[in-house]
Amino acid sequence: MTVMPEDRVVRLVEELKDWYGSFIWESMIWAERGHRRSPYRTLILFGLSARTRDRLLVEMCRRFFQMFPDAKALSESESVVTEKTKSIVRPTQLPIVASMARAVGDGVPQQPDELFRIRGVGEKIAECVLVYGWGKEALPLDANCVRVLERVFGFHSGRQSPAPLREGLKCVYRKRRQEFGVLGIAMVDVHEILRLHGQVCCARSPECSRCPVTGCESRRESWNGSRAAEVSPTMWDDWRELINEPTAV
C-alpha cells in the first residue's frame, strides 16, 4: 500500500469537485437510477475495455448487447458464442467472452475472488463490476487516475500495478469518510473525479494553466485562475447508459 498524504488527498478531491461543479458523479446516478443497473452489462463493458478507446468500446458493446441483451442470451455453448462474436470483438478478446459466458450462467459474481476466475478480469475490472454493477463500495482507479496521483504527489510507480495506490486511497477515504461525506463524495466518486481530470486537463500533455490543483509536484505553468471547467456533464452518458437495463419500448 502506498501511504497517501491524507490532508492533500482531501484537498485535491475538494478542489476538483468544485472545479467540475456541473458534472454528475456515479453516487448521484446510482441514487436515482441504480435499480436499472445491470451487473451483466457492466461485466461485459468493463471486461472488454482493456486497451480499447471509449468510443470504440461503446460501439463494440452496442453491437454485443444487440446480439446478447442479457446473461441468458449469452449462456449458449462456448463454440456458438465465439462464432457469433467474431465480427464484434478482437480475436484476443474471444477467450475473454467465452470465459464470461461460462461465468454468468448462475449470475454475475458479487465477490472479487469469483470475478478473478473470469479470464481478463483483474483488480480494476473487478472493482468496476462491484461498484457500477452491484453498487458496492469500490475504487477502480484507471490509468488516468494513476497519472494524476503520480503528478500531484510526485509518486513514481512506473509500470507497476496500481494496487498500492488504490489501497492507499481507500485507506484515506475510510479514515476521512466523514469529510468526504460532507463533500457528498462516495468512494467511487474519487475515482471518477480523478479519471475526469486525467482525461480533460492532466492528460499525457498536461494543461497546467487550466489546473486548479494546489501543491502539484509536477506543475509546469501557473494556474490561470479560471473558476470552472468547461466540461459537458453528459460526456460519459454513452457508456453509462449502456450498463443500464434497457427501458421498455
**Message:** Show every salt bridge (Lys or Arg N to Asp or Glu O under 4.0 Å) that has at least one partner inside residues 85-94, sequence neighbours left out.
**Reply:** Glu83-Lys86
**Prompt:** Do you know which two heavy atoms are closest between Lys124 and Pro140, and how far apart they sit?
**Reply:** CG-O, 3.3 Å
**Message:** Please determine whether a side-chain nitrogen of the Lys or Arg among Glu245 and Arg33 lies less than 4.0 Å from a carboxylate oxygen of the Asp or Glu.
**Reply:** no
**Request:** Check step by step if side chain to side chain contact (heavy atoms under 4.5 Å, CB included) holds for Leu74 and Phe64.
**Result:** CA-CA 10 Å; Leu74 191 64; Phe64 193 101; 3.9 Å; yes
**Request:** List the steps and the verdict of salt bridge (charged side-chain N to carboxylate O under 4.0 Å, His left out) for Glu59 and Arg53.
**Result:** CA-CA 10 Å; Glu59 181 56 34; Arg53 294 183 181 275; over 6 Å; no
**Request:** Could you check whether the rings of Phe180 and Tyr173 sit parallel, tilted or perpendicular, using 30° and 60° as the cut-offs?
**Result:** parallel
**Request:** Decide side chain to side chain contact (heavy atoms under 4.5 Å, CB included) for Ile29 and Arg37; before the verdict, give the C-alpha distance in whole Å, the side-chain angles of both, and the deciding distance to 0.1 Å.
**Result:** CA-CA 10 Å; Ile29 294 174; Arg37 197 55 63 75; 3.5 Å; yes
**Request:** Give a yes/no verdict on a cation-pi contact between Arg41 and Phe65, requiring under 6.0 Å between NZ or CZ and the six-membered ring centre and an angle within 45° of the axis.
**Result:** yes
**Item:** Which atom of Glu137 lies closest to which atom of Arg177, heavy atoms considered
**Value:** OE2-NH1, 2.7 Å
**Message:** Can you confirm whether the side chains of Arg11 and Thr214 place a donor and an acceptor under 3.5 Å from each other?
**Reply:** yes
**Request:** State, to 0.1 Å, how close Leu130 and Gln110 come at their nearest heavy-atom pair, and which atoms those are.
**Result:** CD2-O, 3.2 Å
**Request:** Compare all side-chain heavy atoms of Ile193 with those of Phe23 and state whether any distance is below 4.5 angstrom.
**Result:** no
**Request:** Could you tell me which non-hydrogen atom of Gly133 sits nearest to which non-hydrogen atom of Trp30, and how far apart they are?
**Result:** O-CH2, 3.9 Å
**Asked** Shortest non-hydrogen contact from Thr82 to Ala98?
**Response** OG1-CB, 4.2 Å
**Prompt:** Side-chain donor-acceptor pair under 3.5 Å between Trp236 and Gln199, yes or no?
**Reply:** yes
**Asked** Does Leu56 share a hydrophobic cluster with Leu242, counting links as ILVMFWY side-chain heavy atoms below 4.5 Å and allowing steps through other members?
**Response** no
**Asked** Tell me, do Met235 and Leu196 make a side-chain contact under 4.5 Å, heavy atoms counted?
**Response** yes
**Message:** Any non-hydrogen side-chain atom of Phe155 less than 4.5 Å from a side-chain atom of Met4?
**Reply:** yes
**Asked** Side chains of Arg227 and Asp18: closer than 4.5 Å at any heavy-atom pair?
**Response** yes
**Message:** Evaluate Thr2 against Glu167 for side chain to side chain contact (heavy atoms under 4.5 Å, CB included), listing each step before the verdict.
**Reply:** CA-CA 7 Å; Thr2 299; Glu167 293 308 309; over 6 Å; no
**Request:** Measure the spacing between CD1 of Ile125 and OG of Ser49 and express it to the nearest 0.5 Å.
**Result:** 4.5 Å
**Asked** Of the non-hydrogen atoms in Leu141 and Pro162, which two are nearest, and what is the gap between them?
**Response** CD2-O, 4.0 Å
**Message:** Between Glu221 and Arg210, does any NZ, NE, NH1 or NH2 come within less than 4.0 Å of an OD or OE carboxylate oxygen?
**Reply:** no
**Prompt:** Do Met28 and Ile24 have side chains that get closer than 4.5 Å, going by heavy atoms?
**Reply:** yes
**Message:** Set out, in order, the CA-CA distance, both residues' side-chain angles and the distance that settles side chain to side chain contact (heavy atoms under 4.5 Å, CB included) for Val188 and Leu139, then state yes or no.
**Reply:** CA-CA 5 Å; Val188 65; Leu139 186 68; over 6 Å; no
**Asked** Are Glu217 and Arg8 close enough for a salt bridge, meaning some N to O gap below 4.0 Å?
**Response** yes
**Arg63 and Ser87, any side-chain heavy atoms less than 4.5 Å apart** = yes
**Prompt:** So does Arg176 pair up with Glu179, basic N to acidic O under 4.0 Å?
**Reply:** yes
**Request:** May I ask you to check whether over 12 heavy atoms, not counting those of Arg240, lie within 6.0 Å of atom CZ?
**Result:** yes
**From CZ (Arg220) to OG (Ser209), nearest 0.5 Å** = 11.5 Å
**Item:** Derivation of the salt bridge (charged side-chain N to carboxylate O under 4.0 Å, His left out) call for Asp189 and Lys17
**Value:** CA-CA 9 Å; Asp189 299 332; Lys17 179 180 184 288; over 6 Å; no
**Prompt:** Of all residues at least two apart in sequence or in a different chain, which pass the salt bridge (Lys or Arg N to Asp or Glu O under 4.0 Å) check with Arg195?
**Reply:** Asp54, Asp142
**Prompt:** Can you tell if the side chain of Leu12 reaches within under 4.5 Å of the side chain of Leu16, non-hydrogen atoms only?
**Reply:** yes
**Item:** Minimum side-chain heavy-atom gap Val10-Glu6 below 4.5 Å
**Value:** no
